[in-house]
Amino acid sequence: MNSLHLAYAAIGTLSVLLALFSNRTRTLPLSEPLLALLLGVALGPVFLDLFSPSAATRDSLLLEGTRLLLAASVMTAALRFPVSSLRPLIPQFLLLLCVVMPLAAAVTGASALLLGLPLALAAVVGTCLCPTDPVLAASVVTGGPAERDLPGRIRRLLTGESGANDGLALPLVGVAVAVALPLTGPGDTVVRLVWEVLGGVALGVLTGAVAGRAMEAATRERELEEGPSLLFTLLVAVAVLGAARLVGVGGVLAVFSAGLAYNWSVRRGERGPQQNIDEAVNRYLALPVFVLLGAVLPWREWIGFGPAALAFVLAVLLLRRLPLIMLARRPLGLRPRGSAFLGWFGPMGVSALFYAAHAAHQGVHDPRLFAAVSLAVTASVVAHGVTSSPFRSLYARYAGTPATGY
């Protein structure tokens, strides 16, 4: 317990310091997740050896910790923009979710073969890494500098994609896990995955709409105080997540659907207070996950991959998303500059860790799964954390008027 208490103190201290200098950190090439990752590495067995959870504890903490964090993050993503401003982008979202994401899974899975993984395990790695992480993406599209420097279209595309594909990646991961562990027939797998997706959407839409109407009624009758109103949607997210788990549907997808339904059901005046927690969720609640990741990085397995580890990282960072978005820039309604920015900033993070832990929970116990996924996530945290601020400033410098440019 002493090591756990030490982790509490370290995470709390880092969070306080980052909060005190929150404006300045927006302009530095060091993101909060990257600093948390470095803190975890320092506390872990490679350096101070003060916090080193076992593999079983690691998987349990990552599974439930990332599940809760993703639920909070996709809820805030669903509330970031009015639904009416997202509706014109539905064809672009469908392209990103139904074409770009599966292709990203295939490219990443092929890249994982460089590590010497068997085909089925490489497919699991590819599907775990295919979704764009909403927590890391939020650091790119939220805050004053992002609102000033980036066009609304890019911010909306990245927000909607990262919120939706974390839940919709579940069928891809489920199929890959079923191939790696053929314990049931394909028909059973398909039926289960269809139920998890459609049931999650239905549960989310229903509960989100009911919560929105309840919020309006409570506000109209002055039954809701300001403090609870700020946390209302997070409480809805937790309730939907728990209900989804009880009925066996996709929890993250259900929460995102609930957020969109809530967003649609309430007036802007009722939606606004919940948006105030957006920054807090994505900048500070994510820190414990990245400290844990830094403390449990599988250095020995990485070294065992040899030079192929570097080839894998470069392939994933450069080929997983960037060429696909560049090729689809016209259907996405983007100029080359905008497609390059959107293509580069499709980070891998909490969602990838969640699906890796989910796959392990389903029975994929090969340690190379976590080694490969954590390697890509670490590379993404470093690469996108270092480049987010300078690339955003560079985009604004050459894009002309940010509010209208693409």
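Basis for what follows: all heavy atoms, side chains included, without hydrogens, waters or symmetry-related copies.
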Task: Stepwise side-chain contact (heavy atoms from CB on, under 4.5 Å) check, V140 with F391 - done: CA-CA 10 Å; V140 180; F391 278 24; over 6 Å; no
Open item on the list: Is there a side-chain contact (heavy atoms from CB on, under 4.5 Å) between L172 and M101? Walk through the geometry before answering.
Closed with: CA-CA 10 Å; L172 298 179; M101 185 173 66; 4.2 Å; yes
TODO: For side-chain hydrogen bond (donor to acceptor under 3.5 Å, both in side chains), just list the numbers for H384 and S380, CA-CA rounded to whole Å, side-chain angles, deciding distance to a tenth of an Å, and then say yes or no.
DONE: CA-CA 6 Å; H384 295 111; S380 179; 2.8 Å; yes
Open item on the list: Walk me through whether L96 and I325 qualify under side-chain contact (heavy atoms from CB on, under 4.5 Å).
Closed with: CA-CA 8 Å; L96 290 169; I325 299 295; 3.5 Å; yes
Task: Chi angles and distances behind the side-chain contact (heavy atoms from CB on, under 4.5 Å) call for T127, V177 - done: CA-CA 9 Å; T127 55; V177 169; over 6 Å; no
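Counting heavy atoms from C-beta outward, S85 and R156 have side chains that approach closer than 4.5 Å. A heavy-atom distance below 4.5 Å is not found between the side chains of V381 and P347. Taking the side chain as every heavy atom from C-beta outward, F290 and L34 never approach each other to under 4.5 Å. Between M348 and D133 the shortest side-chain heavy-atom distance does not fall below 4.5 Å. Side-chain contact check for L121 versus L369: some heavy-atom pair is nearer than 4.5 Å. A 4.5 Å side-chain heavy-atom check between L37 and V291 finds every atom pair outside the cut-off. Using a 4.5 Å heavy-atom threshold, the side chains of P102 and C130 count as separate. Counting heavy atoms from C-beta outward, R67 and L241 have side chains that approach closer than 4.5 Å.
With sequence neighbours excluded, no residue forms a ring pair (Phe, Tyr, Trp, His ring centres under 6.0 Å) with F312. Shown here are the salt bridge (Lys or Arg N to Asp or Glu O under 4.0 Å) partners of E196, two or more places apart in sequence or in another chain: R192. Contacts of F370 classified as ring pair (Phe, Tyr, Trp, His ring centres under 6.0 Å), with partners at least two apart in sequence or in another chain: none. Among residues two or more places apart in sequence or in another chain, the side chain to side chain donor-acceptor pair (under 3.5 Å) test is passed with R368 by D366. Under the ring pair (Phe, Tyr, Trp, His ring centres under 6.0 Å) criterion, W299 pairs with W302, sequence neighbours left out. Not counting sequence neighbours, the partners of R213 by the salt bridge (Lys or Arg N to Asp or Glu O under 4.0 Å) test are E216.
Separation of the F341 and F345 ring centroids falls under the 6.0 Å cut-off.
The two residues L43 and A10 come nearest to each other via the heavy atoms CD1-CB, 3.8 Å. Between L318 and W344, the closest heavy-atom pair is CD2-CZ3, 4.3 Å. Of all the heavy atoms in I11 and L39, the pair that sits closest is N-CD2, 4.4 Å. The minimum heavy-atom distance linking G346 with T132 is given by the pair CA-CG2, 3.8 Å. For the residue pair F51 and P45, the shortest heavy atom distance occurs at O-CD, 4.1 Å. Considering all non-hydrogen atoms of both residues, L129 and A376 come closest at CD1-CB, 3.6 Å.
One N or O on the side chain of S339 and one on the backbone of P336 form a donor-acceptor pair closer than 3.5 Å. In this structure a side-chain-to-backbone donor-acceptor pair under 3.5 Å is present from S60 to A56. In this structure, the side chain of S162 engages the main chain of L158 through a donor-acceptor pair within 3.5 Å. At distances below 3.5 Å, not a single donor-acceptor pair connects side-chain atoms of S73 with backbone N or O atoms of L69. When atom types are taken as modelled, the side chain of N263 and the backbone of F81 share a donor-acceptor pair closer than 3.5 angstrom. Remark: side-chain polar atoms of D59 are not paired, donor with acceptor, to backbone N or O of A357 under 3.5 angstrom. Of the possible donor and acceptor atoms, none in the side chain of S52 sits under 3.5 Å from a partner among the backbone N and O of D49. At distances below 3.5 Å, not a single donor-acceptor pair connects side-chain atoms of T378 with backbone N or O atoms of L375. A donor-acceptor pair is defined here as one N or O able to donate and one able to accept, closer than 3.5 Å; no such pair exists between the side chain of Y262 and the backbone of S257. Under the 3.5 Å distance criterion, the side-chain polar atoms of T108 are left unmatched by any main-chain donor or acceptor of A105.
With rounding to the nearest 0.5 Å, the separation of OG in S111 from CG in L314 is 10.0 Å. Of the inter-residue distances, the one linking R80 atom CZ with T159 atom OG1 reads 4.0 Å to the nearest 0.5 angstrom. Here F256 contributes atom CZ and D166 contributes atom CG; the two are 9.0 Å apart, rounded to the nearest 0.5 Å. Taking CZ from R58 and CG from L293, the interatomic distance works out to 10.0 Å, rounded to the nearest 0.5 Å. The CE atom of M326 sits 11.5 Å away from atom CG of L332, with the distance rounded to the nearest 0.5 Å. The distance from the CZ atom of R153 to the CG atom of L89 is 5.0 Å, given to the nearest 0.5 Å.
With respect to E161 and R321, a salt bridge is recorded, a charged nitrogen being found less than 4.0 Å from a carboxylate O.
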